[in-house]
Every structure is written in C-alpha cells, then in structure tokens.
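Here the structure is laid out as structure tokens; the discussion comes afterwards.
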There are 2 protein chains.
Amino acid sequence: MTPRAERIPAEERREQILAAATTVFGELGYAGATTDRVARAAGISQPYVVRLFGTKEQLFLETLDRTLARLLASFRAALAEDAPGDATDREARLGAAYLELVEDRGTLLTLLHGFMMGSDPVIGPAARDGFLQVFRMLRDEAGFTPEQIHRFLADGMLINTLLASGIGLAAKRDRDAADLMDCTFGAHVAEVLERASA
Amino acid sequence: MTPRAERIPAEERREQILAAATTVFGELGYAGATTDRVARAAGISQPYVVRLFGTKEQLFLETLDRTLARLLASFRAALAEDAPGDATDREARLGAAYLELVEDRGTLLTLLHGFMMGSDPVIGPAARDGFLQVFRMLRDEAGFTPEQIHRFLADGMLINTLLASGIGLAAKRDRDAADLMDCTFGAHVAEVLERASA
DNA sequence: CCCTCTTGTAATCATTCGATTACTCCATTT
DNA sequence: AAATGGAGTAATCGAATGATTACAAGAGGG
C-alpha cells in the first residue's frame, strides 16, 4: 500500500525509533512495552521496527545504550564546565545535571527499568555493566568520595522511583504526597519532579 | 485427573499462592510474570490460581498489599522494641529492620516493581498509596525529621535497585562491583546484599 | 448410600504479540 | 526505458498467555 510515513534514511529512522522506544520502555518497562507501541510512537509500522532492530530484545539493548550514553555525556558536560575544581562544587553541578535529565522522563525511567531486569540473562548483565560505568565515572572522573558516591546514587534512585511512581500527579490533590516530595528534596526539586510527572 | 496437589483449605492455599507470587513478581515484575509461573511455584495448576484470585491484576494487587503489610509490620515491630526513645536510635533500628527484609528478596522487589507501575490506571494508584503509607509511618510513628525521611527512603531505594540489578553476583568476579557495594554501604550492608543476590 | 460442597485439574478458547513473508512505491543508475 | 535497490507496509503466522468450561475426586451429612 501507499506508505504513509515519509521516506527517510534508515539511519535517521533508527534514531527516531530509539527516541520513541525510550519513551515507551520508560513508561511500560521491557516486558510491558510492545514493538507495536514503539512503532506507533515513531509513526511507522510494527514490522519495520523489527526489521531495523532484529528483535525487541536488541531494540531494548540499543535503547539502554543510548540512554546510558546520554546520562554519561550530560555528566561529563557538567564536569567540563570551567569552574573551580572543588569536589563539593562538582557534586552540585552533577546534581543539577541529573535534575535536567528528569525533564526527559524516558531517559531515566528506561535506565531504571533496565536495572530492574537483573534476572534476565541478556539484559541483566548489560544493565549491570551500565551501572558500573556510572559508578566508575563518579569515582574516577568526578573524583567523588565513597560517601559522595553513596549520597549521589541514593538520591538519584529515590528521584527515579518517585518519578516512576507518578507521585507528582497525586501531589496536586494529596497533601501528604506534596509533603513527601517537599520533605525529601526541598521545594525546588519537588517542583521539577511534579512538572515531569504531568 | 487425579489431583497431584494435596487438598488444602482455600484460605491456606491462597496464602501459599501469595508467597509464591511475591517471589515471581519480585523477580520478573508484573508484566514479565505469568500466572503459570506463579502456579508452578505454588505447586498447583494455573487455572486454580486464576480461580482463587479472579485476575492476574487482582493477584498482583493482593501480593502488593501483603508485601506492604509485611514492611510496615516489620518497621512497627522495630519501633516497639523497648529502648530509649532517641530519634537517632529509632533510625538505626528501622535501618536494621530494612536490612532483615532484604533477606526475603521478593518482598522488597515486589514493592519496587509496584512503584514502577505508576502509569497503570489500577496498579499505579495502589502503589502510590502504599508509598504514602510508608511515608506517613516514618513521619508520624517514627517521628523522623524531613532529612531523616529523605535519607532513609533514598538509601532504601538504592538498596532495592542494587538488589534488583543482581549486582551482588557480579561482585564476586568484578572488582568494581564489589567496590561499589562496599563504597555505597560499607562492608556490612554490602555483605548482606551479596548474600541476598545469590 | 446418595447428595452436595469444596478442592483441584485437563482441555481449550480468544487474544496478543513478536516475527516472517511478500509485496508496493519511488529514486537513481545505466 | 529498463533495471536496481532502498524504504516501507499489509497480511499473516506461530507461540505464549490469561481466562473459561467442564469435569474428577474426596469428605461429610442425612
């Protein structure tokens, strides 16, 4: 039949699909997402997604790689800003970089869904390796102390979880939910989280 | 055909199924788990699981309730120990209670998988409500300060994520993985995590 | 002894989903 | 103008899965 989608170079189309997949996998997880939903989000047909990536598993792996690369790139950019080399200052800059990533819900949620798949024989190792890349970055490139690493990762995971649970939506009606977000991160971060949940 | 499974009162059988479901959902998540795997883990047939719980969704909701109840009960028991009422001391006792829960991988992982389902119209609200119950407990019953709540939840989520990712397995072979666990939680907690991942 | 209720299964159904196949359309080349 | 190859889809297939149905087997009561 007449192709509805514009004809676009395969390389560019792959990138569109990966962007769509980041959103869909972030929202529904690996098992919950379907190749058809990714295809619709990318504006093309389901078989084409499969043809360009081989399998759903491979699509997820490439999506995971892409989100991890974005995370690391964002951190490295924050570290590269010309600023005093103080460790506390670097911590603040990385924190700000993380908060900017929250704006693109899909990136952080896809990463988190990857971490949750530890028992998968293929995705599990890939996700663990990604986690370790982040760890090494904080240790070797950011020069964080163990305690700084601990705090940074813990705060990140809490943000991820609150984001994934969609508690920002509840915060508009539920007083306790709003309290929780203010309480755990202060008004500024809470506002970012709430905005991203909408 | 001759029933292989022993005849057991329905109420008791439900509890067995919920225990099995906690393990299976914790490992595979809601979408990734099948009613058949839960049934096999409980030693009965798949249709019987469906009959006793109606739908897979309902089974997950009840499993979630059960895990949340266990978490809260464990915390309340820790708070009830006769000991000086100091807030820092309560924090330590709740932390120890949490670490004990890690031993039963399924409980914490099922909760975490529930939190990840924020976009589900039925499970999402239930999971958010569960999160808020924990929050209110820390605030009202444990008397935690906002900063204490923040730290406690953040550490919990990091533990959950490391547990889910199965990084304890990698720690045996990968030096960085072992470093990560030691680094973020100190040798004691790292050992618990490693044991629970096996 | 029969009746009935509870516990449980085998068989099967309908749907969903990932994947495959065979095709169309269009641009470029020769 | 015919040939080639890349971009894309419709149709369909097979496996998996949640759910339904119909049935079996034992326990207890009258």
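Worth knowing before you read on, the calculation uses all heavy atoms, side chains too, and leaves out hydrogens, waters and symmetry mates. Letters go in sequence order (proteins before strands), and every chain restarts at 1. Everything numeric in this text was worked out from a predicted model, so none of it was measured.
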In whole angstroms, how far is the C1' atom of D/dA27 from the CD1 atom of B/Ile8?
-> 15 Å
Residues B/Glu62, B/Arg14: salt bridge by 4.0 Å N-O rule = yes
Closest of C/dA19, C/dA22, D/dG5 to the A/Gln46 side chain is C/dA19
Taking OP1 and OP2 of D/dG8, is either one under 4.0 Å from a side-chain nitrogen or oxygen of A/Ser45?
-> no
More than 12 non-hydrogen atoms from neighbouring residues, nucleotides or ligands closer than 6.0 Å to CD on A/Glu147, yes or no?
-> yes
Expressed in angstrom and rounded to an integer, what is the separation of B/Arg51 atom CZ from C/dG8 atom C1'?
-> 7 Å
Can you tell me how far C1' of D/dA16 sits from CG of B/Leu28, to the nearest Å?
-> 15 Å
Give one of base, sugar-phosphate or nothing for B/Ala31, where a contact means two heavy atoms less than 4.0 Å apart.
-> nothing
Under 6.0 Å between ring centres, would you say that holds for A/Phe144 and A/Phe135?
-> no
In terms of side-chain heavy atoms of B/Ile44, which of C/dT9, C/dA19, D/dG18 is nearest?
-> C/dT9
Nearest-Å distance, CD (B/Gln58) to P (D/dA19)?
-> 11 Å
Determine whether more than 12 heavy atoms belonging to other residues, nucleotides or ligands lie under 6.0 Å from atom CZ of A/Arg13.
-> yes
Identify whether any heavy atom of B/Arg13 sits under 4.0 Å from a base atom; if not, whether one sits that close to sugar-phosphate; answer base, sugar-phosphate or nothing.
-> sugar-phosphate
B/Glu11 CD to C/dT7 C1', straight-line distance once rounded to whole Å = 14 Å
Winner on side-chain proximity to B/Arg7, out of D/dT20, C/dT7, C/dC17, is C/dT7
Under 4.0 Å between a side-chain N/O of A/Thr35 and OP1 or OP2 of C/dG18, yes or no?
-> yes
Return no unless some side-chain N or O of B/Tyr48 is found under 4.0 Å from OP1 or OP2 of C/dG8.
-> yes
Nearest heavy-atom approach of B/Ala33 to B/Val24 is CB-CG1, 3.7 Å
Grab the CZ-P distance between A/Arg40 and D/dA10 for me, whole Å please.
-> 11 Å
In whole Å, what is the span from the NZ atom of B/Lys56 to the P atom of D/dT20?
-> 15 Å
Closest to the B/Pro47 side chain, choosing from C/dA10, D/dT9, C/dG18 | C/dA10
Rounded distance in Å - CG (B/Asp36) to P (D/dA19) | 13 Å
